[in-house]
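Report on one structure; see the data block that follows.
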4 protein chains.
Amino acid sequence: MEFNKHQSIYLQIADFICENVMTEKWPSDEKISSVRELAANMEVNPNTVMRAYSQLQDEGIIYNKRGIGYFVSEGASKKIKDMEKEDFINNELPKIFKKMKMLNIKFSELEELYNKTSNGKTNIS
Amino acid sequence: MEFNKHQSIYLQIADFICENVMTEKWPSDEKISSVRELAANMEVNPNTVMRAYSQLQDEGIIYNKRGIGYFVSEGASKKIKDMEKEDFINNELPKIFKKMKMLNIKFSELEELYNKTSNGKTNIS
Amino acid sequence: MEFNKHQSIYLQIADFICENVMTEKWPSDEKISSVRELAANMEVNPNTVMRAYSQLQDEGIIYNKRGIGYFVSEGASKKIKDMEKEDFINNELPKIFKKMKMLNIKFSELEELYNKTSNGKTNIS
Amino acid sequence: MEFNKHQSIYLQIADFICENVMTEKWPSDEKISSVRELAANMEVNPNTVMRAYSQLQDEGIIYNKRGIGYFVSEGASKKIKDMEKEDFINNELPKIFKKMKMLNIKFSELEELYNKTSNGKTNIS
DNA sequence: GTGGTCTAGACCACC
DNA sequence: GTGGTCTAGACCACA
């Protein structure tokens with residue numbers, strides 16, 4: 001895994017896990033990789049993975065069975081989706097729209113770009 | 001000036017300058033505040049301002065006349081706009097669209113939100 | 001390490017590193033001294049070393065693994081050589097030749113001097 | 001006049017004057033531009049020109065007649081030539097040769113480059 | 001342990 | 001007056 005240098009690694013790992021949970025690639029009550037295993041895969045210090053897991057546990061996304069490992073919480077997928085959606089609409093979108101105005105990007109251009117990126121992936125729908 | 005604690009001060013100063021240059025509030029060849037002066041205004045250490053100035057000089061946004069001060073470069077406004085636009089389209093938008101898909105937000109919803117935020121500013125005036 | 005007073009210390013440190021990289025005394029992906037360690041060795045403030053490292057990182061000569069340290073970039077040796085060679089041929093040589101003309105030094109004299117300095121090192125060994 | 005940003009302006013002005021003296025474009029006992037005049041031409045602070053003149057006066061390259069102006073000293077041309085030649089041979093050349101070795105530039109390449117730059121300018125001689 | 005940022009204060013060369 | 005560099009020492013986030 002490659003890391004963006006402008007964000008801490010543990011947050012990027014947490015995001016990576018969230019994505020897998022949200023898309024239900026890792027469904028509820030599934031055991032996720034052990035700290036050491038994931039650390040080895042990602043070529044990262046186990047402490048760093050641990051920190052990501054702790055944070056997700058605090059947020060209720062995953063839970064821990066002592067001596068066994070970490071598991072995806074019931075309803076975690078929906079929970080993440082709701083949180084992210086709220087953040088997206090209330091915090092991110094306003095910034096995006098503001099930036100578009102500053103850069104003189106019209107909404108119609110956005111539509112064009114959206115259609116371009118969608119093509120080839122979402123045929124027929 | 002108030003600073004966001006999640007980004008370094010010198011970068012926020014650089015952004016602040018970029019905004020003034022981009023909007024041409026500070027036109028080409030205009031002298032900008034001296035290091036010490038800006039530092040005093042912002043209640044910040046001169047070294048911190050210096051760091052912002054140095055970076056902007058490296059990027060060609062401002063230039064220095066020795067013993068006199070820093071000045072806005074020719075064409076800096078356009079340069080910043082181009083850089084930001086490129087970054088927006090190539091880096092930010094793909095992330096946004098990806099997120100929208102994950103969150104099942106349709107483009108039509110985006111349009112709605114856009115129109116909402118635009119109202120009150122662009123109507124009748 | 002002793003520093004020349006006509007050039008800033010951080011630049012001399014950067015040059016020192018470049019030399020070690022160029023001659024491949026420090027090969028690719030080798031970890032270089034930590035900021036504090038080098039600062040202690042050179043009896044210099046860590047900030048000063050940091051500044052040298054930052055600049056070299058901007059130039060792509062070294063890279064950073066967070067929390068671990070700085071490493072020599074892939075191909076840095078060749079990169080430095082190319083940069084220096086280009087500078088030598090395009091910027092330094094023209095000045096040298098111009099000076100020679102002004103001082104009425106013929107190319108044959110240069111050759112003589114070159115052979116003199118080479119002697120003692122390349123003869124018989 | 002355009003100034004190199006890596007050397008102080010007053011030194012570049014001094015060099016400029018030396019060149020004119022050395023090539024005898026400005027012969028002995030010729031009056032040179034007044035401080036103000038040169039400063040205006042070069043778009044530079046008069047203090048900066050003054051500093052260059054002072055240094056050249058200290059070195060005996062020019063002399064001052066109070067109330068009248070600065071003049072080129074007797075034998076200044078030869079004097080400069082001798083100083084520069086000595087410096088060139090004893091200080092600059094060794095550095096140049098050292099650099100050539102580091103960059104694997106052979107003397108024959110130097111010869112080639114020399115012949116290239118000389119052509120077109122020194123025809124027939 | 002690592003780097004990264006910031007402060008306070010100093011000194012210098014230069015304009 | 002301007003910028004540029006350096007020091008000493010602090011604090012923080014991160015691995």
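First the proteins, then the strands, lettered A, B, ... as listed; each starts at 1. No hydrogens, no waters, no symmetry mates; every other heavy atom, side chains included, goes into these values.
- For T48(C), whose side chain is taken as the heavy atoms from C-beta onward, the closest listed nucleotide among dG3(F), dC15(E), dT7(F) is dT7(F).
- Taking the six-membered ring where tryptophan is involved, the planes of Y63(B) and F71(B) are essentially parallel, since the angle between them stays under 30° and well short of 60°.
- For R66(B) and dA13(E), the CZ to C1' distance is 10 Å, given to the nearest whole Å.
- Between I9(A) and R51(A) there is no side-chain heavy-atom pair separated by less than 4.5 Å.
- dC14(F): Watson-Crick or G-U partner is dG1(E), with both key distances under 3.5 Å.
- We find that K95(B) and E92(A) are not joined by a salt bridge, their nearest charged nitrogen and carboxylate oxygen being 4.0 Å or further apart.
- Where V35(B) and G67(C) each meet DNA chain F at their nearest nucleotide, the meeting point lying more 5' is that of V35(B).
- For Q12(D) (side chain) and Q7(D) (main-chain N/O), a donor-acceptor pair under 3.5 Å exists by modelled atom type.
- Residue E86(D) qualifies as open at atom CD: its count of foreign heavy atoms under 6.0 Å is 12 or below.
- Panel note: side chain K79(A), backbone E59(A); a donor-acceptor pair is recorded below 3.5 Å.
- Using a 4.0 Å cut-off on heavy atoms, the residues of residues 5-17 of chain C that approach DNA chain F are S8(C), I9(C), Y10(C), listed by number.
- Put simply, CZ on F71(B) is 12 Å from C1' on dC15(E), counting in whole angstrom units.
- Set against dG3(E), dC14(F), dT2(F), the side chain of S34(B) has dT2(F) as its closest nucleotide.
- Nucleic acid contact class of Y53(C) (heavy atoms, under 4.0 Å, all strands): none.
- We find that CZ of R51(B) is positioned 13 Å from C1' of dT7(E), with the value rounded to whole Å.
- Across D15(C), V21(C), N20(C), a single residue satisfies side-chain contact (heavy atoms from CB on, under 4.5 Å) together with I17(C), and that is V21(C).
- With rounding to whole Å, N64(C) atom CG is found 18 Å from dG1(E) atom P.
- Y63(B) places its OH atom 17 Å from the P atom of dT2(F), with the value rounded to the nearest Å.
- To the nearest angstrom, C1' of dG3(F) lies 11 Å from NZ of K31(B).
- Comparing Q57(C) and V44(D) against DNA chain E, the residue whose closest nucleotide sits nearer the 5' end is Q57(C).
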Each nucleotide N or O in nucleotides 9-11 of chain F that has a protein N or O under 3.5 Å away: list the pair and distance.
unit_1: dG9(F); atom_1: O6; unit_2: N47(C); atom_2: ND2; d: 3.0

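- Between A14(B) and A52(B), the closest heavy-atom pair is N-CB, 4.0 Å.
- L38(A) CG to I13(A) CD1: the interatomic distance, rounded to the nearest 0.5 Å, is 6.0 Å.
- Counting to the nearest Å, the P atom of dG1(E) and the CD1 atom of I68(C) are 16 Å from each other.
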